[in-house]
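Here is the structure we will look at.
These values consider heavy atoms only, across backbone and side chains, with no hydrogens, waters or symmetry-generated copies. Please read all numbers here as calculations on a predicted model, not as lab measurements.
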Amino acid sequence: MHDVIVVGGSYAGMAAALQLVRARRSVLVIDAGERRNRFAEHAYGFLGQDGVPPDEIWRQAQQQLEAYPNLSWHHGTVQEFSGEIGAFCVRTDKGEDFTAHRILLATGVRDELPDIPGLAERWGKSVLHCPYCHGYELNNEPIAVIAFNPVSLHQAEIMPEWGATTFFTNGASSLEDEQRAHLLRRGVTLNDTEISRIEGTADIVLEDGRKLEFSAIFVVSNTYPSNSLAQSAGCALEDHSMGQQLVTSEFKETTVRGVFACGDVARVPHSVSFAVGDGVWAGMQVHRSLIDPQMSGV
Ligand code: FAD
Ligand code: MG
């Protein structure tokens with residue numbers, strides 16, 4: 001019986017596991033290795049690791065964790081878990097069972113993208129979601145923003161900081177007059193023609209046949225928990241402006257006692273730094289819950 005099973009051994013899960021093993025607790029990390037930023041060659045904006053490939057950041061952190069004798073690592077996919085606080089049983093898709101007093105879900109999210117031919121295969125390369133992560137490298141060249149959800153308007157508004165911006169409403173966004181005026185004041189070019197497909201690096205081909213070239217296309221994806229593991233165990237979900245996440249308390253406990261969650265699956269906005277910070281906090285709160293299951297003292 002482990003003290004904690006961490007499901008998802010990426011930035012959030014590893015940051016939590018590090019706090020817990022340093023508190024001399026026994027931790028099992030089960031990870032399928034499908035990190036959200038696996039489509040990108042470099043990760044930016046994470047202090048001390050700016051511009052380092054995601055795999056390298058992960059490998060270095062994972063090696064440091066594996067040096068702790070009270071840390072076990074299992075490569076695999078958790079299919080379901082059951083039980084209650086103090087006695088959970090986790091089952092993988094290969095039928096392996098593991099037990100623990102607490103569970104921490106750091107299972108990340110999946111990105112839902114607009115259904116435009118040519119878009120998905122450019123995800124993480126020339127179709128991007130976060131200008132703080134990937135805007136600087138575009139060297140002020142022209143940028144497209146494609147509307148997809150209410151946050152797209154905000155993205156169009158800030159994007160001129162990184163290059164001349166065209167906002168494609170693409171039938172997904174009907175702008176009010178004041179919103180149009182605001183974007184025009186920000187220097188954004190508005191285009192209401194529907195998009196037919198994406199070609200080349202980031203060329204947008206419109207329904208009327210015109211082709212417009214950009215250095216990159218930005219889209220605010222909708223995000224949802226990467227699988228139904230938490231929901232199947234009874235953890236409640238909540239809506240946010242670009243999808244859904246797990247409901248957690250200020251101590252990162254889900255609506256199921258003894259089951260905690262951190263990282264992209266349990267907070268917005270999303271970044272490696274936020275996932276790590278959330279993981280550190282969650283690790284400490286899981287530790288506190290092991291000491292005092294009622295979490296009574298503050
Ligand atoms: P993830 O990194 O998504 O990891 C979740 C882990 O859980 C995965 O390893 C997965 O396999 C595992 N898992 C899920 N379900 C199970 C299960 N049932 N059993 C076992 N394992 C499971 N952020 C930045 O700060 N800088 C960037 O440059 C940057 N670039 C990005 C580029 C792209 C294309 C995208 C989409 C995102 C980018 N991000 C970037 C955001 C960043 O990737 C996320 O915020 C971060 O990965 C969240 O970490 P996490 O640990 O919460 O989840
Ligand atoms: Mg997560």
Side-chain angles (χ1 to χ4, degrees), residues 36-37 39-40 44-45 109-120 122-225 237-245 264 266-271 273-274:
R36 185 179 169 203
N37 61 352
F39 305 99
Y44 293 96
V109 295
R110 65 181 167 83
D111 289 283
E112 180 189 76
L113 299 169
D115 185 16
I116 300 171
L119 191 108
R122 290 169 176 78
W123 181 237
K125 302 192 166 53
S126 56
V127 176
L128 306 161
H129 77 305
C130 165
Y132 296 98
C133 302
H134 303 284
Y136 185 88
E137 280 61 39
L138 302 175
N139 295 316
N140 261 310
E141 298 289 327
I143 292 167
V145 176
I146 300 178
F148 189 46
N149 60 37
V151 188
S152 301
L153 182 65
H154 169 64
Q155 189 173 57
E157 164 195 64
I158 65 167
M159 204 54 83
E161 299 291 312
W162 287 274
T165 301
T166 305
F167 185 46
F168 293 86
T169 52
N170 197 35
S173 183
S174 51
L175 298 176
E176 319 239 323
D177 289 348
E178 178 41 39
Q179 291 170 327
R180 281 183 178 273
H182 174 67
L183 288 175
L184 291 172
R185 280 195 300 274
R186 290 282 302 135
V188 175
T189 303
L190 300 176
N191 192 318
D192 295 318
T193 310
E194 281 199 31
I195 296 171
S196 159
R197 62 186 182 278
I198 314 296
E199 285 182 353
T201 302
D203 305 344
I204 294 187
V205 182
L206 297 171
E207 286 292 356
D208 62 15
R210 275 182 298 156
K211 179 158 106 176
L212 304 172
E213 293 182 13
F214 299 94
S215 62
I217 296 166
F218 279 77
V219 177
V220 181
S221 56
N222 288 329
T223 57
Y224 300 92
L237 288 175
E238 64 190 356
D239 294 335
H240 55 67
S241 50
M242 42 187 196
Q244 288 185 319
Q245 65 186 10
D264 281 8
R267 57 151 293 128
V268 277
H270 301 146
S271 79
S273 310
F274 284 133

Compare every heavy atom of [Y] with every heavy atom of [X], then report the nearest pair and how far apart it is.
{"X": "Gln245", "Y": "Ala266", "answer": "OE1-C, 3.8 Å"}
{"X": "Ile143", "Y": "Met159", "answer": "CG2-CG, 3.7 Å"}
{"X": "Val188", "Y": "Pro160", "answer": "CG2-CG, 3.7 Å"}
{"X": "Phe167", "Y": "Ala147", "answer": "CZ-CB, 3.6 Å"}
{"X": "Ser273", "Y": "Gly45", "answer": "OG-O, 3.5 Å"}

Does [X] use its side chain to pair, donor to acceptor, with the backbone of [Y] at less than 3.5 Å?
{"X": "Ser241", "Y": "Val151", "value": "no"}
{"X": "Gln179", "Y": "Glu176", "value": "yes"}
{"X": "Asn170", "Y": "Ile195", "value": "yes"}
{"X": "Asn149", "Y": "Val220", "value": "yes"}
{"X": "Ser215", "Y": "Pro142", "value": "yes"}
{"X": "Arg122", "Y": "Gly124", "value": "no"}

Output the distance between atom [atom1] ([X]) and atom [atom2] ([Y]), rounded to the nearest 0.5 Å.
{"X": "Gln155", "Y": "Cys130", "atom1": "CD", "atom2": "SG", "result": "8.5 Å"}
{"X": "Thr169", "Y": "Glu194", "atom1": "OG1", "atom2": "CD", "result": "8.5 Å"}
{"X": "Glu207", "Y": "Arg197", "atom1": "CD", "atom2": "CZ", "result": "9.0 Å"}
{"X": "Thr193", "Y": "Asp208", "atom1": "OG1", "atom2": "CG", "result": "5.0 Å"}
{"X": "Thr223", "Y": "Asp264", "atom1": "OG1", "atom2": "CG", "result": "7.0 Å"}
{"X": "Lys211", "Y": "Ile198", "atom1": "NZ", "atom2": "CD1", "result": "11.5 Å"}

Which of Glu112, Gln244, His240 passes side chain to side chain donor-acceptor pair (under 3.5 Å) with Asn222? It is Glu112
For a side-chain contact (heavy atoms from CB on, under 4.5 Å) check, start with the C-alpha distance between Trp162 and Leu138, then their side-chain angles and the critical distance, and finish with the verdict.
CA-CA 7 Å; Trp162 287 274; Leu138 302 175; 5.7 Å; no
The single option from Ile158, Leu183, Thr165 passing side-chain contact (heavy atoms from CB on, under 4.5 Å) against Val145:
Thr165
Passing candidate, side-chain contact (heavy atoms from CB on, under 4.5 Å) with Phe168, options Leu212, Thr189, Ile217, Leu190:
Leu212
Would you mind reporting whether Ser221 and Arg110 have side-chain heavy atoms less than 4.5 Å apart?
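The answer is no; the side chains never approach within 4.5 Å.
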Distance-only side-chain donor-acceptor flag, Glu157 / His154, under 3.5 Å
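Judged by distance alone, the side chains do pair up.
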In terms of relative ring orientation, are Trp123 and His129 parallel, tilted or perpendicular, with 30° and 60° separating the classes?
tilted
side-chain contact (heavy atoms from CB on, under 4.5 Å) assessment of Leu206 paired with Asn191:
CA-CA 10 Å; Leu206 297 171; Asn191 192 318; 3.8 Å; yes
